[in-house]
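Below is one structure, written out as structure tokens; the observations come after it.
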Amino acid sequence: MGVKISGLSTTKKITGSGMRASTITANRQTGTSYTLVLSDAGKLIETNNGSANTISIPLNSSVPFEIGTQLIISQYGSGKTRIVGIGGVSVRSAGGKSYIENQYGMATIIKIATDEWYLSGALSTS
């Protein structure tokens, strides 16, 4: 069964094996710093700390995530979570924002090139 999307003059039917419900696995981190590893691909990374903490995206040469890899990062604890690239990794976000805005806020990162990622979600500059 497909989903119909109606436009001004066309109707498209979307089908395929990618159209299914899925379950996401959580990786809860309690320290003040965590560098992503290959097994984090497609997971929810939860930060649970009362102090400021950092999630680091490593260079492709050390952790070769596939282009298109997506991860969700949530700030479970009260400590402010920042998402950064390690030496040479570019993290692209609207307004250069890199902090999850509030406790229980979430952000998504998507790898778009060898050492380049999009970052979007409930973000702030500090």
Side-chain angles (χ1 to χ4, degrees):
M1 177 180 284
V3 176
K4 286 191 175 185
I5 300 174
S6 297
L8 293 174
S9 60
T10 63
T11 299
K12 295 181 181 180
K13 187 174 183 180
I14 300 172
T15 61
S17 62
M19 302 285 295
R20 64 182 192 275
S22 64
T23 302
I24 191 165
T25 302
N27 174 0
R28 185 169 288 181
Q29 295 296 313
T30 58
T32 57
S33 65
Y34 180 70
T35 299
L36 298 172
V37 295
L38 203 53
S39 61
D40 287 326
K43 289 185 179 175
L44 167 65
I45 309 302
E46 295 177 296
T47 61
N48 187 14
N49 197 301
S51 298
N53 55 83
T54 303
I55 298 293
S56 298
I57 304 170
L59 284 164
N60 185 74
S61 59
S62 62
V63 182
F65 288 107
E66 290 185 41
I67 292 174
T69 296
Q70 178 177 340
L71 292 91
I72 300 170
I73 301 167
S74 68
Q75 182 182 311
Y76 187 86
S78 60
K80 200 73 155 166
T81 299
R82 184 173 189 202
I83 301 152
V84 300
I86 296 176
V89 174
S90 297
V91 180
R92 311 284 186 205
S93 67
K97 296 175 181 178
S98 62
Y99 291 85
I100 294 180
E101 193 169 42
N102 294 306
Q103 186 174 19
Y104 309 120
M106 297 172 65
T108 300
I109 58 172
I110 301 171
K111 186 171 183 177
I112 58 171
T114 301
D115 284 310
E116 187 174 10
W117 294 74
Y118 277 138
L119 168 62
S120 67
L123 302 171
S124 66
T125 56
S126 61

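Here the CG atom belonging to Leu59 is positioned 5.0 Å from the CG atom belonging to Asp115, to the nearest 0.5 angstrom. We find the CD-CE distance between Glu46 and Met106 to be 8.5 Å, quoted to the nearest 0.5 Å. With rounding to the nearest 0.5 Å, the separation of CH2 in Trp117 from CZ in Arg92 is 14.0 Å. If you take CD1 on Ile57 and CD1 on Ile109, they are separated by 4.0 Å, rounding to the nearest 0.5 Å. Taken from CG in Asn49 to CD in Gln75, the straight-line distance is 10.0 Å, to the nearest 0.5 Å. Atom OG1 of Thr108 sits about 9.5 Å away from atom CG of Leu44, to the nearest 0.5 Å.
Here the closest heavy-atom approach between residue Ile83 and residue Ala107 is recorded as CD1-CB, 4.0 Å. For the residue pair Ile24 and Gly42, the shortest heavy atom distance occurs at CG1-O, 3.4 Å. Closest approach of Thr69 to Ala41, counting heavy atoms only: CG2-CB, 3.7 Å. Taking both residues in full, the closest heavy atoms of Lys111 and Asn60 are given as NZ-OD1, 2.5 Å, listed atom of the first, atom of the second, then distance. Nearest heavy-atom pair across Tyr76 and Arg28 is CE1-NH2, 3.4 Å. Residue Ile86 comes nearest to Pro58 through the heavy atom pair CD1-CA, 4.0 Å, listed as atom of the first residue, atom of the second, then distance.
Checking side-chain atoms of Lys80 against main-chain N and O of Ser51 turns up no donor-acceptor pair under 3.5 Å. With hydrogens and angles disregarded, no donor-acceptor distance shorter than 3.5 Å links the side chain of Lys97 to the backbone of Ser93.
Under the 4.5 Å side-chain heavy-atom criterion for ILVMFWY residues, a single connected hydrophobic cluster contains both Ile73 and Leu38. With hydrophobic clusters built from ILVMFWY side chains whose heavy atoms lie under 4.5 angstrom apart, Leu123 shares a cluster with Leu71. By the rule that hydrophobic residues join a cluster once side-chain heavy atoms approach within less than 4.5 Å of another member, Val91 and Ile100 end up as members of one cluster. Cluster annotation: Leu119 is not connected to Ile72 through the hydrophobic network of ILVMFWY side chains, with a link wherever side-chain heavy atoms come within less than 4.5 Å. Using a 4.5 Å cut-off between side-chain heavy atoms of Ile, Leu, Val, Met, Phe, Trp and Tyr, with links allowed through other members, Ile67 and Tyr118 fall into different hydrophobic clusters.
A 4.5 Å side-chain heavy-atom check between Val84 and Thr54 finds at least one atom pair inside the cut-off. Counting heavy atoms from C-beta outward, Tyr34 and Asp40 have side chains that approach closer than 4.5 Å.
Checking Asn53 against Thr81 by side-chain atom types alone, a donor-acceptor pair falls below 3.5 Å.
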Which is it for Thr47 and Ile55 under the side chain to side chain contact (heavy atoms under 4.5 Å, CB included) test, yes or no, and what are the steps along the way? CA-CA 8 Å; Thr47 61; Ile55 298 293; 3.6 Å; yes
